[in-house]
**Student:** 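Sharing a structure, written as structure tokens. Questions coming.
Per chain, numbering begins at 1; letters A, B, ... match sequence-line order.
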Number of protein chains: 2
Amino acid sequence: MPEPSPSPAETKPRRRAGRPVGSVLDQAGITAAALALVGKKGYDGLTMAALAKSLGVAPSALYNHVGSKDEVLRLVEENLMSQVDSSVFGSMPWEEAVKAWAYSYRDIFSAHTPLISVIAVLPVTDAPQTLAMYEAVTEGFLRAGFPEDRIIPCIVALEAYIFGAAFDATAPADIFDSGKLAESTPHFTAAVRSLGPVNYPSDLAFRMGLDALVAGFGALRS
Amino acid sequence: MPEPSPSPAETKPRRRAGRPVGSVLDQAGITAAALALVGKKGYDGLTMAALAKSLGVAPSALYNHVGSKDEVLRLVEENLMSQVDSSVFGSMPWEEAVKAWAYSYRDIFSAHTPLISVIAVLPVTDAPQTLAMYEAVTEGFLRAGFPEDRIIPCIVALEAYIFGAAFDATAPADIFDSGKLAESTPHFTAAVRSLGPVNYPSDLAFRMGLDALVAGFGALRS
DNA sequence: ACCTGAACACCGTTCAAGT
DNA sequence: ACCTGAACACCGTTCAAGT
């Protein structure tokens with residue numbers, strides 16, 4: 001093995017210290033690399049060191065483009081938000097559109113639940129993709145006849161439900177197995193058994209809750 | 001300052017190495033200390049080192065009683081679950097009981113959102129307090145006339161909503177301030193403004209969503 | 001059995017030095 | 001301006017040594 005290959009994935013001549021001719025990094029590239037890394041190794045694998053390695057730079061180089069790891073997470077979140085399908089509000093009646101939007105939203109974030117804690121506290125200011133989604137959804141609600149002052153609460157409640165359901169979607173199939181404590185919780189254990197062979201009811205539950213929310217909120221239209 | 005006071009909060013004679021006469025630690029004490037630490041410093045302050053210090057032991061001593069930090073989190077979670085008021089199902093009609101339970105559940109976990117990621121993946125096996133809560137809720141649904149095979153999906157959906165809402169409850173008041181991007185999101189910005197001086201609608205939203213879920217699910221009773 | 005104290009492999013982040 | 005490389009203060013966890 002005469003080749004020590006100390007550089008990352010791709011075998012590059014390896015950069016010396018000093019400013020490179022053209023900038024090697026930018027926020028878009030960092031975001032894409034972070035997304036790829038998360039896809040391969042999950043959020044536990046998303047470290048500044050691993051991210052830098054996948055980009056072929058030293059960890060400290062990242063800090064010329066982002067202020068912190070938290071900013072990387074915000075960049076990823078913005079990217080995901082732009083993937084949520086809110087175009088449905090322009091092409092479907094309200095009930096169907098909210099449901100399609102909600103499914104899209106949940107499906108995307110169920111693979112990114114560690115971001116949810118970040119999003120929840122994140123002011124929407126300067127998060128253009130997130131704002132664009134809210135704008136599209138708000139427009140959809142307005143066109144459907146919702147009173148203006150009810151729209152934000154409806155969206156907030158739907159989002160809460162969607163985020164919570166995103167966690168469920170990643171839960172193991174046997175999460176409700178009561179194990180050796182089964183006898184002390186007879187009603188619960190029987191209720192779980194009554195679900196049949198598929199004992200994790202995540203999808204059924206999501207549909208039922210979404211239907212209830214949509215029906216309840218739909219009644220607010222004038 | 002002749003007193004260096006190298007020991008933690010309380011000034012103890014300081015233990016030498018070797019097995020102490022009586023065990024200094026146990027899971028209950030660790031859980032209580034973790035809860036107190038979180039209350040004072042938040043989840044960022046809950047480190048094994050800080051936890052050990054608050055208990056007056058070396059960090060490694062903790063590992064005689066818990067397998068990992070994750071187990072500490074599970075112990076805390078179990079403690080919190082036991083605080084959720086599910087006795088309401090024995091003393092109120094179903095609609096009021098679910099709502100009271102949901103408020104209690106959300107209020108407790110809104111101060112402990114970092115646990116939610118842990119709970120979501122956590123099988124209920126050997127989590128007796130959590131199981132006890134599910135048992136009480138299941139019984140409440142049964143008495144209210146729910147078909148057995150709909151109960152778990154209802155609970156799952158309600159829990160998803162409660163967990164999501166717990167995140168909301170910790171969000172800053174100006175989370176929906178669209179800032180300099182306000183003009184590009186006119187409908188959303190107007191909808192936010194229409195909420196009036198209190199521009200964070202967390203509580204209104206929670207009530208609206210909960211009402212919708214309870215109304216929708218309540219119709220399943222026979 | 002259950003503690004201390006040293007050690008390990010990692011983490012995010014800072015900063016001087018280099019071009 | 002934007003990189004490298006060394007350094008810092010921390011993290012969770014392991015383990016020999018002590019009683």
Side-chain angles (χ1 to χ4, degrees), chain A residues 4-8 10-31 33-34 37-38 41-76 114-115 117-118, chain B residues 4 6-8 10 12-31 33-34 37-38 41-76 114-115 117-118:
Chain A
S5 174
S7 56
E10 76 280 9
T11 311
K12 284 272 194 60
R14 179 160 45 175
R15 227 177 349 268
R16 293 206 330 288
R19 184 189 187 193
V21 215
S23 190
V24 215
L25 296 178
D26 57 33
Q27 289 201 338
I30 291 173
T31 308
L37 191 55
V38 165
K41 312 262 186 175
Y43 276 85
D44 284 349
L46 180 57
T47 67
M48 295 302 268
L51 183 55
K53 193 179 180 188
S54 81
L55 285 160
V57 297
S60 53
L62 295 169
Y63 292 87
N64 291 305
H65 304 272
V66 294
S68 63
K69 183 180 179 178
D70 239 66
E71 189 171 345
V72 174
L73 295 178
R74 286 197 293 268
L75 289 170
V76 170
L115 283 183
S117 352
V118 177
Chain B
S7 55
E10 76 280 11
K12 284 271 196 59
R14 179 162 41 175
R15 228 177 347 270
R16 292 208 329 290
R19 184 189 187 195
V21 215
S23 190
V24 215
L25 296 178
D26 57 33
Q27 289 201 337
I30 291 173
T31 307
L37 190 56
V38 165
K41 312 262 186 175
Y43 276 86
D44 283 349
L46 179 57
T47 66
M48 295 302 269
L51 183 56
K53 193 179 180 188
S54 81
L55 286 159
V57 297
S60 53
L62 295 169
Y63 291 88
N64 292 305
H65 303 272
V66 294
S68 64
K69 182 179 180 180
D70 239 65
E71 189 171 345
V72 175
L73 295 178
R74 287 196 292 269
L75 289 170
V76 171
L115 284 183
S117 352
V118 178

**Student:** Name the closest nucleotide to the His65(A) side chain, picking from dC11(D), dC2(C), dC3(D).
**Tutor:**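 The listed nucleotide nearest to His65(A)'s side chain is dC3(D).
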**Student:** Of the options dC11(C), dG12(D), dC3(C), whose atoms approach the side-chain atoms of Tyr63(B) most closely?
**Tutor:**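 Of dC11(C), dG12(D), dC3(C), dG12(D) is nearest to the side chain of Tyr63(B).
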**Student:** Which atoms form the tightest heavy-atom contact between Tyr63(B) and Ser68(B), and what is the distance?
**Tutor:**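 Nearest pair, atom of Tyr63(B) first, then Ser68(B): CE2-CA, 4.1 Å.
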**Student:** Out of dC2(C), dT4(D), dT4(C), which nucleotide sits closest to the side chain of Ala61(B)?
**Tutor:**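 Among the listed nucleotides, the one closest to the side chain of Ala61(B) is dT4(C).
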**Student:** In terms of the nearest nucleotide of DNA chain C, which residue is placed more toward the 5' end: Thr47(A) or Gly67(A)?
**Tutor:**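 That would be Thr47(A).
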**Student:** Could you pick out which residue, Leu62(B) or Ala50(A), lies toward the 5' side of DNA chain C when each is mapped onto its nearest nucleotide?
**Tutor:**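 Of the two residues, Leu62(B) wins.
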**Student:** Side chain of Ser60(A): nearest nucleotide among dG5(D), dC3(C), dC11(C)?
**Tutor:**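 Among the listed nucleotides, the one closest to the side chain of Ser60(A) is dG5(D).
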**Student:** At less than 4.0 Å, is any side-chain N or O atom of Asn64(A) found next to OP1 or OP2 of dC3(D)? Yes or no.
**Tutor:**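 Result: yes.
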**Student:** With the side chain counted from C-beta on, respond yes when Val38(A) and Val76(A) share a heavy-atom pair under 4.5 Å apart, and no when they do not.
**Tutor:**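 No. Closest side-chain heavy atoms not under 4.5 Å.
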**Student:** Give the stems involving DNA chain D, where a stem is 3 or more consecutive Watson-Crick or G-U wobble pairs (i with j, i+1 with j-1, and so on) under 3.5 Å.
**Tutor:**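 So far as stems of 3 or more pairs are concerned, DNA chain D shows C:4-8 with D:12-16, C:12-16 with D:4-8.
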**Student:** Which residues in residues 68-76 of chain B have at least one heavy atom lying under 4.0 Å from any atom of DNA chain D?
**Tutor:**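 By residue number: Ser68(B), Lys69(B).
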**Student:** Residues in salt bridge (Lys or Arg N to Asp or Glu O under 4.0 Å) with Asp70(B), at least two apart?
**Tutor:**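 Asp70(B) satisfies salt bridge (Lys or Arg N to Asp or Glu O under 4.0 Å) with Arg74(B) once adjacent residues are dropped.
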